[in-house]
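See below for the structure under consideration.
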Amino acid sequence: MRIGVCYALAAAMLFGASTPVAKLLIGDVEPVLLAGFLYAGSGLGLGVWIALRRWMARPAGRSRFAPGDYPWLVGAVLLGGVIGPSLFMIGLAGAPASVTSLLLNLEGVLTVLLAWFAFKENFDRRVLLGMVLIVCGGLLLGLQPGNVDLSWSAGAIALACFCWALDNNLTRRISGADPVRIAALKGAVAGTILLLAMVALGTDFPAPILVAGAALVGLFGYGISLVLFVVALRELGTARTGAYFSTAPFIGATLSFALLDESPASSFWIASALMAGGVVLHLTERHQHAHGHEALRHQHGHSHDEHHRHRHEFEWDGTEPHVHEHEHEGLNHSHPHYPDIHHRHGH
């Protein structure tokens, strides 16, 4: 299995697990304040991670942001770290679990549609069918006849999904940079903005134990999950990563059964089969054709493979993977590939 797939599924597992846990906390914490704690916990925890790795290892070897990355980063932080989670927590407070599970599938759908039609990422019939199966599984998982209340809460969740879909496509543009820095910045900035806004409005803070719990959920469900998601974007492209990440509601529903001691309905198993079928179609995709690489200069972690046959302008000890600014010469060849960081070409 391609390593990017593992990263995408692991990201989905962490984020999916965070939703039912956040639902348990939201009765005791104001929704937007909870979003602030989740992102602040993410930023703080990943900031500690960055500090520890600097102390334990050599400071060199981490991708840096290029000057052109900052507009994409700002957009991703505002949409995915401030507006999106605020809308989601507001909607989560007033929407039943079935509506939340149903509407969360919109993020994957919108992410893929934007990637395909707005950002021109390639796809074929197998990928399209796999995405349809995953989405149908998610819809079946969340849909309960007679219990779909399309209220303002549902609208808030839908808008949050649209913000996250835009965020995912913007983040793809900077996925060559250090994913821990990206996630830490998003968490720190978003958490600070949300918490300061709540302080300015005079919102009462909950007990320290609840703050710590929310921060811990944020570290895993929003921080580490995002780190894994960014690496998957680098390896797979936005649409395929979004498809794998669409399994998050299934994971959240599974954990909800365990936390709430409920028995899954027959529709749960049908949804499981549909999602599994969609994932298998994506896993068995083989995309190969003659394609060209234009000359390119950038920086990211790499090993000296078919796409990295360059010399070093510094003394190199042979360690791989390693990070430095390097140049790709123009190249034409054919091999199986995904729309990863080196294959963002037209068809």
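Note: hydrogens, waters and symmetry copies are ignored here, and every other heavy atom, side chains too, is used.
Heavy atoms from other residues, nucleotides or ligands lying under 6.0 Å from CG of Leu201 number more than 12. With a 6.0 Å radius and a threshold of 12 heavy atoms from other residues, nucleotides or ligands, Met198 has its CE atom above the threshold.
Closest non-hydrogen pair, Ala184 versus Gly47, comes out as CB-N, 4.4 Å. Minimum heavy-atom separation, Thr203 to Glu30: CG2-CB, 4.2 Å. Thr238 and Ala115 get closest at one heavy-atom pair: CB-CB, 3.9 Å. Between Ala160 and Gly84 the shortest heavy-atom distance is CB-O, 3.2 Å. Shown here for Gly45 and Leu219, the closest heavy-atom pair between the two residues is CA-CD1, 3.7 Å. In terms of heavy atoms, Gly81 sits closest to Ala190 at O-CB, 2.8 Å.
Side-chain contact between Tyr244 and Cys6 is absent, with no heavy atoms from C-beta onward closer than 4.5 Å. Contact of the Pro206 side chain with the Phe37 side chain is registered, since non-hydrogen atoms from C-beta on lie closer than 4.5 Å. Side-chain contact between Thr171 and Lys186: present, with at least one pair of heavy atoms (C-beta onward) separated by less than 4.5 Å. The closest side-chain heavy-atom distance from Leu194 to Ser86 is below 4.5 Å. For the pair Phe205/Leu33, a side-chain contact is recorded, criterion being any heavy-atom separation below 4.5 Å from C-beta on. Phe220 is not listed as a side-chain neighbour of Ser225, based on a closest heavy-atom distance of 4.5 Å or more. Side-chain atoms of Phe162 and Glu107, non-hydrogen and from C-beta on, never get closer than 4.5 Å to each other. Here the side chains of Leu166 and Leu114 are in contact, with some heavy-atom distance below 4.5 Å.
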- Going through the checks in order, is the side-chain contact (heavy atoms from CB on, under 4.5 Å) test met by Leu236 and Val5? CA-CA 8 Å; Leu236 303 175; Val5 176; 4.2 Å; yes
- Message: Walk me through whether Tyr7 and Phe229 qualify under side-chain contact (heavy atoms from CB on, under 4.5 Å).
- Response: CA-CA 6 Å; Tyr7 285 129; Phe229 187 86; over 6 Å; no
- side-chain contact (heavy atoms from CB on, under 4.5 Å) between Ile157 and Leu87, worked out: CA-CA 6 Å; Ile157 294 174; Leu87 289 169; over 6 Å; no
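No chain of hydrophobic side-chain contacts below 4.5 Å, direct or via other Ile, Leu, Val, Met, Phe, Trp or Tyr residues, connects Leu185 to Leu196. Connection of Leu44 to Val77 is not established within any shared hydrophobic cluster, with ILVMFWY side chains joined at heavy-atom distances below 4.5 Å, either directly or through further cluster members. Hydrophobic clustering places Tyr70 together with Val230 (ILVMFWY residues linked when any side-chain heavy atoms are closer than 4.5 Å, directly or through intermediates).
Annotation: the span from Leu78 atom CG to Ile193 atom CD1 amounts to 6.0 Å, rounded to 0.5 Å. In this structure, the separation between SG on Cys161 and CZ on Phe88 is 7.5 Å, given to the nearest 0.5 Å. In this structure, Trp72 CH2 and Ile174 CD1 are separated by 10.0 Å, a value rounded to the nearest 0.5 Å. Expressed to the nearest 0.5 Å, how far CD1 of Ile50 lies from CZ of Arg181 amounts to 5.5 Å. Taking OG1 from Thr241 and CG from Asn169, the interatomic distance works out to 10.5 Å, rounded to the nearest 0.5 Å. Taking CG of Leu14 as the start and CG of Leu226 as the end, the distance is 11.0 Å to the nearest 0.5 Å.
Side-chain contact of Thr111 with Asn168: a donor-acceptor pair under 3.5 Å is present, judged by distance alone.
Counting only distance, with no hydrogens or angles, the side chain of Arg234 and the backbone of Ala177 share a donor-acceptor pair below 3.5 Å. Counting only distance, with no hydrogens or angles, the side chain of Thr192 and the backbone of Ala188 share a donor-acceptor pair below 3.5 Å.
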